[in-house]
Each structure stands twice: as structure tokens, then as C-alpha cells.
K.L.:
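Could you have a look at this structure, given as C-alpha cells, before my questions?
Residue numbers start from 1 in every chain, and the chains themselves are labelled A, B, ... in the order their sequence lines are given, proteins ahead of strands. All figures in this text were calculated on a predicted structure; none of them were measured in a lab.
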There are 2 protein chains.
Amino acid sequence: MTTDEQIVFIVDDDQRIREALSELLVSHGMRAIAFGSAGEYINADKPDLPACLILDVELPDINGLDLQREIAVGGHPPIVFITGHGDIPSSVRAIKHGAVDFLTKPFSDADLMTAIHAAIAQDREQRSQRAGLSLLRQRYLELTPREREVLPLVVSGLLNKQAAAELGISEVTLEIHRRNVMQKMGAASLADLVRMAERLEIPITHSRRSGGG
Amino acid sequence: MTTDEQIVFIVDDDQRIREALSELLVSHGMRAIAFGSAGEYINADKPDLPACLILDVELPDINGLDLQREIAVGGHPPIVFITGHGDIPSSVRAIKHGAVDFLTKPFSDADLMTAIHAAIAQDREQRSQRAGLSLLRQRYLELTPREREVLPLVVSGLLNKQAAAELGISEVTLEIHRRNVMQKMGAASLADLVRMAERLEIPITHSRRSGGG
DNA sequence: TCGCATCTCATGGAAATCCATGCATGGATT
DNA sequence: AATCCATGCATGGATTTCCATGAGATGCGA
């Protein structure tokens, strides 16, 4: 397939390798951008697309594994490590930290391409997850402080009456907050809101004992 | 700490290693059981405790990595690989498949113990997760076929009226099924039921558009 | 054949939710 | 000062949920 909506970043200090990899990728119909050091990669303006990072372990400025750790937080693309002098502890650390593969030179084009495809597929999935979560967070930010207090009580399964008592306000007022929360979060139903709260990792405060009515 | 409620399994064909590891573990206050082959391990009666499996890659009957794959399904303890002749692809494969660590001989006692502690901690967590999920599944099995049809509709956020229409039955009947579901599942509230359904990976069928009245 | 589980439905009432309209206060912004 | 926003409350009604009681039909296993 090789949709053109994807890109591969290459970080390697050896220019011949950068060129060889770039050519390989282009010949597979993929866009590639190469960097000679971790710093260049970090500072570059990178297109916002499903991507993959081919990362040499041995870099002039910082170690590839350290770069991995630094960019671990935040939406960076999955990494495929390549190295000329790999050792087992490094490979273990790399994979433990989420690298898709750890290839030692010489490796076959096929192995590399397999890893790249896997990495990009993974990134597509991750990006889609992140996009959804980011939308939710955005909506959550639109809630007023009081509404943010109401949300966890509601998704805990408390009755309006109970939640109102919890906050020391009247049931009517709580109902209004509750409706505002539903509306602002774009929840079609309480079930929906509960699932949103789950994804936002909003903790359950109290749980209702079926009191009944 | 080294709670005594835990155990370490050792699978290695070298008796001297089995004895050395056993001694090391006992000296750290942990129970250990050693096996000379994958087959012995598989067929053995193993205590049901938080555990860890120290697995030699090179075994007489089957490869340690293949054993890992075979026991991947089901509640087997996290694996710490040890090997005398490790290579990077093996280590990558092992970690990708969830191994906690991949140590090459000679390794320090400290490194091994660190890995073991991590593995056991991970197993404790996994077991706790599994226990909860297994309880849910057990309850789910107590539902009648009709109740299992009602559950996804309810947690989708449909009104009783809508869910009833979906099944072509009266609203009253659906209410009864719904209540039975709540009771059998031990859900204190709809929010609770939604979360249970999430954990059981029960798919959402329809979603309600806020029509409401 | 009897008993049991399952699925079905009705009536009827108590409680809770959903919603609209209207109003008031206090703080921040314009 | 005027306006907006967040917060708070009330009344009142439509809709929905929750629950109990009662009851009929089907199918399966003892």
C-alpha cells in the first residue's frame, strides 16, 4: 500500500547510511527526512503525520537510547533502532522502552521495511487514540470548576440527591450542573459520560449502594 | 520485604545452575522450585502464588523462547531469561513478548534479584487484575441468553423504550431483564454496569442521540 | 408428569431524571 | 456602570426509571 500520508525520519551520523536508507525508502514510495544528529532531529520542523523514527544508537551528540528516553513523553513516533555495535543490554532497554525493533548491521532491507511498516501502523493507532483523548481533554477544560466537581460524583453512580448532598447544594442546582457537563462533554447518555470519564482517568469518589427508590 | 507468599520457578538444564540459583533465592528468603526441562515445568503441579519464572534459553526439549510463546496465553508468571549464548534478535523477541529481562551469563546476583522482584511485583498486579476480571466473567456467565442481549443495549445508553424496541419486546419485560442483569452482575448503579461492560469488552451496539424528554 | 428456568406481559405507584422558565448574588471584564 | 460568567435556588411538568405483585407460555430435565 504505502499511503503517501506517512513519513520516516532517519537519524544517523553516517551520511552514506542516511543516503542509502533514504533511497531505500523512496524506492518503496515513502517520504524520508534524514538528520545527522539527535539535536538536528529535535530542533527540526517535522510534518505532523503517521511516522517512524529510524535511530542509530551511536550518535555524535547523545546516545540514541537516551534520546529515546527524552522523547518518551509526548507524541513522538515509534522507534526502530539500528546499530553497528549493539549489545544485549542495550537492545533489552530499547525494547522495554517501547522501541519497535533493534536491528544490527548488516540487516536486510526486508527486515527494516517490516519494522518500519509495523512502526507506522502502530503510530497510526497511537495518533488516533491520542486524537480522541485530546478532544476529550479539550472538552473537559471547558467545564467550570463546579462542573468538574460534579462529574466524578455523577459517574460514580450517585443519585442527584446524593451528589447534591455531597456538595452541600440543592438537587436542582446539581441537575443543572449535570446537564451542562453532559452537554459540554458531548455525551449522549450517562453511559457515554462514564466511558469518557474512564478515558480521562477521572477517579470514582463514592459508589452508591443500591438504595433503590 | 520478600513476603513468603511468592515463589520462583527455575528451568535450566544445568544442575549446578539450578542449585546455585535455588540457594541464592533461599538466601533471600524466597521459595524456589527447579526443573531440568520445559516439559517438567509444564507438567508440574505448581502452587498458585505470585511468581516468577527464571528460564534458560537453551533447553534440552524445546527452546526457551518457544516455551514463552506457548505459555503466553493464560496466567503464567512473568519470565526472566538467562542464557550463556544470547544474541540480540533473541533478546528482542523475548522482551517484545513480555519477558521482564534477558540476562546473559555471567550476570550479577543483584541484577537477577532486581529482575525477579520486578517480575513478581508485575505478577501480583496481573493476578489481581485477572482475579477481578475472572469474577466479572463468572457473573456474566450467570446471565441468561436474553439478559446477555439486553446488557449491551443498556450500556450503550439506550432508553428502556429504545432497547425494548430493538429486541421487539415490551418495555416492561426489558426492565425486568435489566434489573436482573444489574443484580446478577452486582452492579450498584448504571455507571457501575458500564464500567463492568468495558472490562468485559462488551461492544457498544447503538448510541442514543440525546432525544430525551 | 412435575418442577424449574426462561421469557413474556400488565397494572400501578414511588422516586428520579430531564427540561424550561425565571430569578438572585458575586466576581471579573469591559 | 454595564455585561458576562459562574453559581445558586424554585416551581412545575413530561418522561423515565425502579419496584412489587400477578400471571401465562415454553421447554428441559428429574
K.L.:
Are D66(B) and R93(B) ion-paired here, with the side-chain N under 4.0 Å from a carboxylate O?
P.N.:
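Salt bridge: yes.
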K.L.:
Tell me whether the side-chain N/O atoms of T173(A) come closer than 4.0 Å to OP1 or OP2 in dT7(D).
P.N.:
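Looking at the OP1 and OP2 atoms of dT7(D), neither is under 4.0 Å from any side-chain N or O of T173(A).
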K.L.:
Between E175(B) and P145(B), which is nearer to the 5' end of DNA chain C once each is assigned its nearest nucleotide?
P.N.:
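Comparing both residues, the 5'-ward one is P145(B).
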K.L.:
What nucleotide, of dT7(D), dT8(C), dA16(C), holds the atom closest to the side chain of K161(A)?
P.N.:
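Of the candidates, dA16(C) comes closest.
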K.L.:
So which nucleotide from dT6(C), dC9(D), dC9(C) ends up closest to the side chain of I169(A)?
P.N.:
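Nearest to the side-chain atoms of I169(A), counting from C-beta on, is dC9(D).
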K.L.:
Is dA2(D) paired to anything, Watson-Crick or G-U wobble with both distances less than 3.5 Å, and if yes, which nucleotide?
P.N.:
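Across all strands, the one nucleotide that pairs with dA2(D) is dT29(C).
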K.L.:
Rounded off to whole Å, could you give me the CG-to-C1' distance for the L159(B) and dC18(D) pair?
P.N.:
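After rounding, the reported distance stands at 15 Å.
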K.L.:
Looking for any heavy atom pair under 4.0 Å, which part of the strands does S170(A) touch: base, sugar-phosphate only, or nothing?
P.N.:
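The residue S170(A) makes sugar-phosphate contact but no base contact.
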K.L.:
Would you say E166(B) and Q162(B) are linked by a side-chain donor-acceptor pair, where the criterion is simply a distance under 3.5 Å?
P.N.:
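Not at all, the side chains of Q162(B) and E166(B) share no donor-acceptor pair under 3.5 Å.
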K.L.:
Nearest-Å distance, CG (L174(A)) to P (dG8(D))?
P.N.:
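It works out to 9 Å between those atoms.
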K.L.:
In whole angstrom, what separates E171(A)'s CD from dA10(D)'s P?
P.N.:
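The distance from CD of E171(A) to P of dA10(D) comes to 11 Å, rounded to the nearest Å.
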K.L.:
With a 3.5 angstrom cut-off on both distances, give the Watson-Crick or G-U wobble partner of dC9(D), or none if there isn't one.
P.N.:
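Result: dG22(C).
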K.L.:
With respect to the phosphate group of dC5(D), does any side-chain polar atom (N or O) of T144(A) fall under 4.0 Å of OP1 or OP2?
P.N.:
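So the side-chain polar atoms of T144(A) never come under 4.0 Å of the phosphate oxygens OP1 or OP2 of dC5(D).
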K.L.:
In plain terms, say whether R18(A) and D13(A) are close enough for a salt bridge, that is, a side-chain N and a carboxylate O under 4.0 Å apart.
P.N.:
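So R18(A) does not pair with D13(A) through a salt bridge.
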K.L.:
Have a look at R178(B) and say if it touches a base, only the backbone sugar-phosphate, or nothing, with a 4.0 Å heavy-atom cut-off.
P.N.:
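Sugar-phosphate contact only - R178(B) comes under 4.0 Å of backbone atoms but never of a base.
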K.L.:
Within the side chain of D61(A), is there an N or O that forms a donor-acceptor pair under 3.5 Å with the backbone of A38(A)?
P.N.:
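Such a contact is found between D61(A) side chain and A38(A) backbone.
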K.L.:
Nearest-Å distance, CG (L190(B)) to P (dT17(C))?
P.N.:
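It is 11 Å, rounded to the nearest whole Å.
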K.L.:
Could you check how far CG of L153(B) sits from P of dT17(D), rounded to whole Å?
P.N.:
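In whole Å, dT17(D) P lies 13 Å from L153(B) CG.
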K.L.:
Rounded to the nearest Å, what distance is computed from the CG atom of residue N160(A) to the P atom of nucleotide dT17(D)?
P.N.:
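So the two atoms are 14 Å apart, to the nearest Å.
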K.L.:
Which listed nucleotide (dT7(D), dT6(C), dA10(C)) is nearest to the side chain of H177(A)?
P.N.:
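So the side chain of H177(A) is nearest to dT7(D).
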K.L.:
Looking only at the side chain of R146(A) (C-beta and beyond, no hydrogens), which of the listed nucleotides dC19(D), dA10(D), dG8(D) gets closest?
P.N.:
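Of dC19(D), dA10(D), dG8(D), dG8(D) is nearest to the side chain of R146(A).
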K.L.:
Between P on dA5(C) and CD on E147(B), what's the gap in Å once rounded to a whole number?
P.N.:
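After rounding, the reported distance stands at 13 Å.
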K.L.:
Output yes when E142(B) and R139(B) qualify as a salt bridge under the 4.0 Å nitrogen-oxygen rule, no when they do not.
P.N.:
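No.
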K.L.:
Over how many whole Å does the gap from Q183(A) atom CD to dA6(D) atom C1' extend?
P.N.:
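Between C1' of dA6(D) and CD of Q183(A): 16 Å.
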